[in-house]
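First comes the structure, then the notes that go with it.
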Amino acid sequence: MSGDHGHGGSQVNSGSKGSDSHKHKDKHKDKEHRHKDHKKDKEREKFKHSNSEHKEHSEKKHRDKDKLRHSDGSSDKHREKHKEKDKDKERRREEKIKSSDVDKPKKEKENGYVRDMSPAAIKSEPEEDNGFYPSPHHKNAKREYDDEEFEFKPKKVKTEHDKKAKKRKHEYEEDEEDEDIKPKKKTKDKKVTEGKKAKKEEEEKWKWWEEERYTDGSKWRFLEHKGPVFAPPYEPLPGNVKFYYDGKPMKLSAPAEEVATFFAKMLDHEYTTKDIFRKNFFKDWRKEMTSEEKSKITDLNKCNFSEMNEYFKAQSEARKQMSKEEKQKIKEENERLLQEYGFCIMDNHKERIGNFRIEPPGLFRGRGDHPKMGMLKRRIRPEDIIINCSKDSKQPKPPPGTKWKEVRHDNKVTWLASWTENIQGSIKYIMLNPSSRIKGEKDWQKYETARRLKKCVDRIRNQYRDDWKSKEMRIRQRAVALYFIDKLALRAGNEKEEGETADTVGCCSLRVEHIKLYPKMDDQEYVVEFDFLGKDSIRYYNKIPVEKRVFKNLQLFLENKQPEDDLFDRLNTSILNKHLQELMDGLTAKVFRTYNASITLQQQLKELTCPDDSIPAKILSYNRANRAVAILCNHQRAPPKTFEKSMQNLQTKIDEKQNQLSAARKQLKAAKADHKASHDEKSKKAVEVKRKAVQRIEEQLMKLQVQATDREENKQIALGTSKLNYLDPRISVAWCKKYGIPIEKIYNKTQREKFAWAIDMAEKDYEF
DNA sequence: GTATCTACTTAGGATTCTTTCG
DNA sequence: CGAAAGAATCCTAAGTAGATAC
């Protein structure tokens with residue numbers, strides 16, 4: 001064990017933050033390090049849904065200056081308290097678990113199982129509104145899964161013997177399966193001798209979506225796994241690879257050397273030129289040094305890692321050059337690891353784990369202007385890991401000579417293992433793959449919630465428009481914020497701890513400096529210009545005309561404020577979500593993003609798809625619809641490094657094609673002249689042939705040009721995120737069915753696995 | 001009401017694998 | 001066939017949001 005000294009057990013808050021006692025809402029930061037460098041500057045058109053115009057009325061102003069600000073000099077977070085707190089926490093958790101009915105015998109039917117309908121699970125009475133969904137989720141009852149109740153097919157409780165009704169598949173799902181199942185098979189023929197009531201059950205394809213869901217808030221009955229895979233131990237550098245300090249070679253102790261290699265590996269990365277990164281790295285590196293090293297190495301600028309850097313480059317080059325057999329071997333080893341650790345058994349089914357490897361140690365790479373970039377991410381040991389599994393499972397064994405931090409049996413959560421990370425002190429989890437039942441159900445549910453929003457969005461929109469006129473400042477702020485969230489698909493914008501993360505915002509945390517108001521701009525009135533860094537420090541830039549009333553409200557909110565003050569000083573996400581919850585059961589700010597994304601896709605597909613188009617043309621339309629959503633959601637990417645070049649290549653092809661074309665045209669002309677002169681059949685034919693050639697080349701050229709446009713449009717837009725997280729897959733599936741597009745043209749294998757439920761259940765007439 | 005903790009979704013970039021091109 | 005381009009997958013950071021503590 002090389003890398004990790006000293007950080008003992010209770011790392012809940014050990015080290016790091018010194019920021020503790022200015023927690024109040026006041027935001028006086030030095031503007032200094034506030035996103036100077038917006039890396040992405042392209043303006044983007046926005047998609048708006050049409051809002052019916054409301055008449056303007058004269059505006060009565062409300063003044064509300066007394067903000068919520070105050071300082072409280074919070075003293076309650078002293079470290080001494082932590083131990084007690086921890087104990088307390090533990091006690092509470094234990095109680096919680098106990099009270100859950102994990103162990104209640106009643107639901108375990110010795111052979112297969114039936115999901116429980118415990119008292120807590122009994123559905124509550126249907127509710128007002130459209131009467132469409134049954135249960136308001138009672139505050140104290142766990143959220144139940146019954147949202148989508150009425151959308152579901154009749155449920156059957158399947159036991160796993162139930163050999164699936166494969167036959168019910170629709171044609172192209174069949175296709176899909178054919179080509180899909182093979183790769184799968186190979187990972188499949190392991191016998192699962194699950195300890196439980198299991199049997200071989202190589203579930204051909206388990207249709208969890210046809211089964212009952214838990215309604216008592218529990219996530220599983222049985223859970224067994226082998227624990228995580230740890231990062232390989234540090235391998236010291238060979239003796240001939242040296243580190244130089246101040247020009248002289250210096251042998252480092254193993255711990256110091258390991259951390260040095262983290263830096264050395266990143267030498268080519270821009271990170272290592274950043275001051276904060278270097279500062280943080282150096283500070284943490286010194287912690288790993290022996291006292292001797294510490295006294296010698298005092299200046300990072302005198303450190304020369306280039307030999308180490310060369311070594312690693314050579315290594316990766318060598319890896320590439322390995323022979324087929326060697327590569328094969330590595331592949332097999334990985335496969336073995338995957339088979340052993342990559343799956344778990346949850347409720348009688350073998351499910352793929354999403355991330356069964358523990359994150360290796362390294363240097364923290366925050367995004368944007370992250371104050372902690374370069375800090376050392378320490379090595380995670382078994383002693384840091386909490387294992388979660390069911391009591392009656394075979395517990396995972398820690399590596400020889402080690403212990404888990406804890407083994408618990410909490411079926412109210414979905415994770416298999418967790419640890420506390422040392423940079424932010426947050427908890428990391430090992431969870432299942434998106435194709436798993438537990439993720440899939442949740443995903444499905446998400447879209448059902450969004451569909452419920454569709455049914456009442458008009459009402460909600462009317463309401464917030466009304467609220468723009470409220471006497472109460474907080475209501476107006478809430479209403480304007482909600483308008484932005486709805487219209488612009490902004491994120492909610494939770495507060496963040498200052499100085500702990502990059503300075504980014506969402507709707508509720510927008511500051512005065514992030515918007516500009518233009519009563520008139522060109523031919524438009526009441527234009528708001530947004531310019532801020534959102535999640536992942538991606539810039540959001542947009543100019544958008546808003547309704548007069550919104551504009552007036554914004555002016556009001558801005559009065560007497562400094563640039564660094566909150567725009568919505570009377571609002572936060574918790575207030576907003578509480579309000580939304582009252583408007584619709586299960587409604588939160590993020591549902592608007594899902595809803596607007598999905599509805600936009602559906603509507604764009606309707607608009608853009610020409611039934612007579614060829615398949616590639618239809619797919620182009622699909623991508624355009626997808627792109628509309630990505631633009632709405634501001635999903636950007638850095639233009640690929642090779643972008644310019646690949647564009648050039650394409651352009652070259654286009655040029656060639658153009659030359660071909662003019663050549664062909666010339667020939668056509670010549671042929672025509674020839675024909676005119678001779679008027680014979682032969683020359684007439686020649687003309688036709690040439691004409692055809694020209695036409696064909698024109699088409700090819702067109703295609704290339706479309707491709708170029710498409711690629712250019714996609715330069716800094718990422719389609720994947722919306723496809724994976726915001727677009728109800730049933731819309732895409734239905735579209736494919738309707739137009740006879742093979743589903744693989746839209747979803748790759750992984751995506752098909754994730755969306756198996758949608759592929760199985762959506763028909764061509766599916767409406768979001 | 002506010003701060004903190006926890007669990008889980010969403011996100012872009014890095015890395016690896018596969019296909020295409022010369 | 002090898003390199004380059006492109007697609008898929010991996011990785012893990014950075015959000016949201018609910019629960020709980022204070």
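To find a chain, count down the sequence lines: A is the first, B the second, and so on, and within it residues start at 1. FYI, side chains are in, hydrogens and waters are out, and symmetry mates aren't considered; it's all heavy atoms of this structure.
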**Request:** Give A/Ala502 one of three labels, base, sugar-phosphate or nothing, depending on what nucleic acid heavy atoms sit under 4.0 Å from its own.
**Result:** nothing
**Fill in**
The nucleotide from B/dT10, B/dC8, B/dA14 with an atom nearest the side chain of A/Lys439 is B/dC8
**Asked** Within the pair A/Thr721 and B/dT10, is there a side-chain N or O less than 4.0 Å away from OP1 or OP2?
**Response** no
**Message:** Side chain of A/Thr588 only, heavy atoms from C-beta on: which candidate in C/dA14, B/dT10, C/dG18 is closest?
**Reply:** C/dG18
**Asked** A/Lys327 NZ to B/dC17 P: how many Å, rounded?
**Response** 9 Å
**Fill in**
Between CG of A/Asn572 and P of B/dT2 the distance, given in whole Å, is 7 Å
**Fill in**
Comparing nearest nucleotides in DNA chain B, the 5'-proximal residue of the pair A/Ala718, A/Ser426 is A/Ser426
**Request:** Would you indicate what A/Gly366 reaches in the nucleic acid, counting non-hydrogen atoms under 4.0 angstrom: base, sugar-phosphate, or nothing?
**Result:** sugar-phosphate
**Prompt:** For the pair made of CG in A/Asp536 and P in C/dA14, what is the distance, rounded to whole Å?
**Reply:** 7 Å
**Item:** Residue closer to the 5' end of DNA chain C, A/Arg491 versus A/Arg365 (nearest nucleotide)
**Value:** A/Arg365
**Message:** What's A/Ser574 touching, base or sugar-phosphate or nothing? Going by heavy atoms closer than 4.0 Å.
**Reply:** nothing
**Message:** As a test of reading the structure: which of B/dT10, B/dA14, B/dT9 is closest to the side chain of A/Lys641, going by heavy atoms?
**Reply:** B/dA14
**Complete:** Reading nucleotides 3-12 of chain C from 5' to 3' and marking B where a protein heavy atom lies under 4.0 Å of the base, S where only the sugar-phosphate is that close, and - otherwise, the string is --SS-SS--B
**Item:** Proximal nucleotide (of C/dG15, B/dT6, B/dC8) relative to the A/Thr504 side chain
**Value:** C/dG15
**Request:** Mind calculating the distance between CG (A/Asp369) and C1' (C/dA13) to the nearest angstrom?
**Result:** 15 Å
**Request:** May I ask you to evaluate whether A/Asn725 reaches the phosphate of B/dT9, defined as a side-chain N or O under 4.0 Å from OP1 or OP2?
**Result:** no
**Message:** When you measure from the side-chain N and O atoms of A/His370 to the phosphate of C/dA14, is any distance below 4.0 Å, counting only OP1 and OP2?
**Reply:** yes
**Message:** Working note: A/Phe343 + A/His225, criterion ring-ring contact (aromatic ring centres under 6.0 Å, His included); need CA distance, chi angles, decisive distance, verdict.
**Reply:** CA-CA 7 Å; A/Phe343 296 84; A/His225 59 94; over 10 Å; no
**Request:** Would you mind telling me which of C/dA14, B/dC21, B/dC8 lies closest to the side-chain atoms of A/Lys653?
**Result:** B/dC21
**Message:** Can you confirm whether more than 12 heavy atoms, excluding those of A/Glu332, are under 6.0 Å from its CD atom?
**Reply:** yes
**Request:** Inspect the contact between A/Asp503 and A/Arg511 and indicate whether a charged nitrogen and a carboxylate oxygen are less than 4.0 angstrom apart.
**Result:** yes
**Complete:** Atom CH2 of A/Trp415 and atom P of B/dT9 are separated, to the nearest Å, by 15 Å
**d(NZ, A/Lys372; C1', C/dA13) in whole Å** = 13 Å
**Request:** Would you kindly compare A/Arg593 and A/Met431 by the position of their nearest DNA chain B nucleotide and give the one closer to the 5′ end?
**Result:** A/Met431
**Request:** Identify whether any heavy atom of A/Gly493 sits under 4.0 Å from a base atom; if not, whether one sits that close to sugar-phosphate; answer base, sugar-phosphate or nothing.
**Result:** sugar-phosphate
**Asked** Is any side-chain nitrogen or oxygen of A/Asn494 closer than 4.0 Å to OP1 or OP2 of C/dG15?
**Response** no
**Prompt:** Below 4.0 angstrom from OP1 or OP2 of B/dA11, is there any side-chain N or O of A/His635?
**Reply:** yes
**Request:** Examine A/Lys265 relative to A/Phe312 and say whether NZ or CZ is less than 6.0 Å from the centre of the six-membered ring and inside a 45° cone about the ring axis.
**Result:** yes
**Prompt:** Quick one: which of B/dC8, C/dA14, B/dA14 gets closest to the side chain of A/Lys442?
**Reply:** B/dC8
**Complete:** From NZ of A/Lys590 across to P of B/dT9 the rounded distance in Å is 8 Å
**Asked** Between A/Arg437 and A/Glu441, is the closest basic N to carboxylate O distance under 4.0 Å?
**Response** yes
**Request:** Quickly, which of A/Arg378, A/Lys405, A/Lys428 forms a side chain to side chain donor-acceptor pair (under 3.5 Å) with A/Asp384? Name it, please.
**Result:** A/Arg378
**Message:** Tell me if the centroids of the rings in A/Phe356 and A/Tyr341 come within less than 6.0 Å of each other.
**Reply:** no
**Item:** Interatomic distance where CD1 belongs to A/Ile427 and C1' belongs to C/dG18 [whole Å]
**Value:** 14 Å
**Validation row: A/Pro639, A/Lys715 side chains within 4.5 angstrom (heavy atoms)** = yes
**Prompt:** Taking atom types as they are modelled, is there a donor-acceptor pair under 3.5 Å from the base of B/dT10 to the side chain of A/Lys535?
**Reply:** yes
**Asked** Hey, does A/Leu601 have a side-chain heavy atom less than 4.5 Å from the side chain of A/Ser732?
**Response** yes
